[in-house]
2 protein chains.
Amino acid sequence: MRGDAFDPDCPTRLILDRIGDKWSVLVVLSLAGGPRRFTELRRRIGGVTPKVLTQTLRTMERDGLLTRHVFAEVPPRVEYALTPLGLSLGRPIQAITDWAEEHVEAVVAARARHDGLPG
Amino acid sequence: MRGDAFDPDCPTRLILDRIGDKWSVLVVLSLAGGPRRFTELRRRIGGVTPKVLTQTLRTMERDGLLTRHVFAEVPPRVEYALTPLGLSLGRPIQAITDWAEEHVEAVVAARARHDGLPG
DNA sequence: CAGGATCCAATGCGATACTG
DNA sequence: CAGTATCGCATTGGATCCTG
């Protein structure tokens, strides 16, 4: 049985909320090539604070999208890796960001045109 | 020149923000089959209030994703339709919602498993 | 290195009521 | 029918400082 995004009570909405958050998408893309450490992610994803990155990673771990592996070393080392589920999400995510990167100019232009016109 | 979603100053981020909002995705899906009137959209998209739906539609119009056409009739009639740009966004959006509807159970299960375990 | 703790600002969103 | 106006809260996310 599939979900139904149009039903306000369907948990599919929860997924869309997650995808809609500011950083999950970039985390998925960053991990698509293999496991990464916390600071690697932080550097790769411009503008994210450690607090928010941690929150994002914890939520995604809870949702079964990635795993968190702590190595018993000094200095500490923690690696994040996509699960098969998270990896499968990578494809539609990539489609969205591809669209965004390709059409960003058209949107910005439309916005300028709209804002420039009176009324 | 394409955008770069990893650059915090790239407007691509603005697009991701739009896609991430609670209702735009459902509006795109609702209009994929052709133009719809305001109340049709409102009924189709469960749980949205008129104020928020209007906001969403206005923003999407500004971004060049849809057009708003007012008919000079009584009672009033307003139709919303996707532009070619909005239509092109429909495909990656559909990919995301397909993923969500297909994997919602896996995510909910992962969440339950995670929350059920101590620590 | 990988975070936790705390405080705070923005704002998205909802409820309700009203209108040309 | 297709909105607008007002109010207010809950959530999200950012700045900053601290630590095992």
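Residue numbering restarts at 1 for every chain, and letters A, B, ... go by the order of the sequence lines.
- The distance between atom CZ of Arg42(A) and atom C1' of dG3(C), rounded to the nearest whole Å, is 9 Å.
- From Arg36(B), atom CZ reaches atom CZ of Arg44(B) across 5.5 Å, with rounding to the nearest 0.5 Å.
- Atom CG in Asp17(B) sits about 11 Å away from atom C1' in dG13(D), given to the nearest Å.
- The main-chain N or O of Leu41(A) is never found under 3.5 Å from a side-chain atom of Ser30(A) such that the two would form a donor-acceptor pair.
- Note: CD (Glu40(A)) to P (dC1(C)) measures 11 Å, nearest angstrom.
- For Arg37(A), no side-chain nitrogen or oxygen approaches OP1 or OP2 of dC1(C) to under 4.0 Å.
- Put simply, the side chain of Asp7(A) gets close to the backbone of Asp9(A): a donor and an acceptor are under 3.5 Å apart.
- By the 6.0 Å and 45° rule, Arg37(A) does not stack over the aromatic ring of Tyr80(A).
- In this structure, Arg18(A) places its CZ atom 10 Å from C1' of dT12(D), rounding to the nearest Å.
- Taking each heavy atom of Val104(A) and Thr12(B) in turn, the nearest pair found is CG2-N, 3.7 Å.
- Taking atom CG on Leu53(A) and atom C1' on dT12(D), their separation rounds to 15 Å, with Å as the unit.
- Separating the CD atom of Glu79(B) from the P atom of dA2(D) is a distance of 9 Å, rounded to the nearest angstrom.
- Contacts between residues 55-68 of chain B and DNA chain D, defined by a heavy-atom separation below 4.0 Å, involve Arg58(B), Arg68(B), listed by number.
- For Asp21(A) and dT11(C), the CG to C1' distance is 16 Å, given to the nearest whole Å.
- Sorted by first and then second residue, the ring pair (Phe, Tyr, Trp, His ring centres under 6.0 Å) pairs involving residues 43-69 of chain A (not counting sequence neighbours) are His69(A)-Phe71(A).
- Put simply, Thr39(B) has a side-chain N or O that comes within less than 4.0 Å of OP1 or OP2 on dA2(D).
- Among the nucleotides dG3(C), dG3(D), dC1(C), the one closest to the side chain of Phe38(A) is dG3(C).
- The distance between atom CG of Leu14(A) and atom C1' of dT11(D), rounded to the nearest whole Å, is 15 Å.
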With a cut-off of 3.5 Å and sequence neighbours excluded, list every side-chain donor-acceptor pair involving residues 93-100 of chain A.
| residue | atom | partner | partner atom | Å |
| --- | --- | --- | --- | --- |
| Gln94(A) | NE2 | Asp98(A) | OD1 | 3.1 |
| Thr97(A) | OG1 | Ile93(A) | O | 3.3 |
| Thr97(A) | OG1 | Gln94(A) | O | 3.1 |
| Trp99(A) | NE1 | His103(A) | ND1 | 3.4 |
| Trp99(A) | NE1 | Ser88(B) | OG | 2.9 |

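- Computed from C1' positions of five pairs at each end, the angle between the two local axes of the helix from dC1(C)-dG20(D) to dG20(C)-dC1(D) equals 60°, rounded to 10 degrees.
- Formation of a donor-acceptor pair under 3.5 Å by the Arg18(B) side chain with backbone atoms of Ser24(B) is not found in this model.
- Using a 4.0 Å heavy-atom distance criterion, Phe71(A) is classed as making no nucleic acid contact.
- Using a 4.0 Å cut-off between charged nitrogen and carboxylate oxygen, Arg42(A) and Glu40(A) do not count as a salt-bridge pair.
- Proximity note for Val78(B) (side chain, C-beta onward) versus dG3(D), dG3(C), dA2(C): the nearest is dG3(D).
- Under the 3.5 Å distance criterion, the side-chain polar atoms of Asp4(B) are matched with a main-chain donor or acceptor of Phe6(B).
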Show me the donor-acceptor pairs, under 3.5 Å and distance only, between side chains in residues 51-58 of chain A and residues at least two apart or in other chains.
| residue | atom | partner | partner atom | Å |
| --- | --- | --- | --- | --- |
| Thr54(A) | OG1 | Pro50(A) | O | 2.9 |
| Thr56(A) | OG1 | Val52(A) | O | 2.9 |

For nucleotides 14-20 of chain C, 5' to 3', base contacts (B), sugar-phosphate-only contacts (S) and non-contacts (-) with protein non-hydrogen atoms under 4.0 Å give BB----B

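- Looking only at distances, a side-chain donor or acceptor of Glu101(A) sits under 3.5 Å from a matching main-chain atom of Ala5(B).
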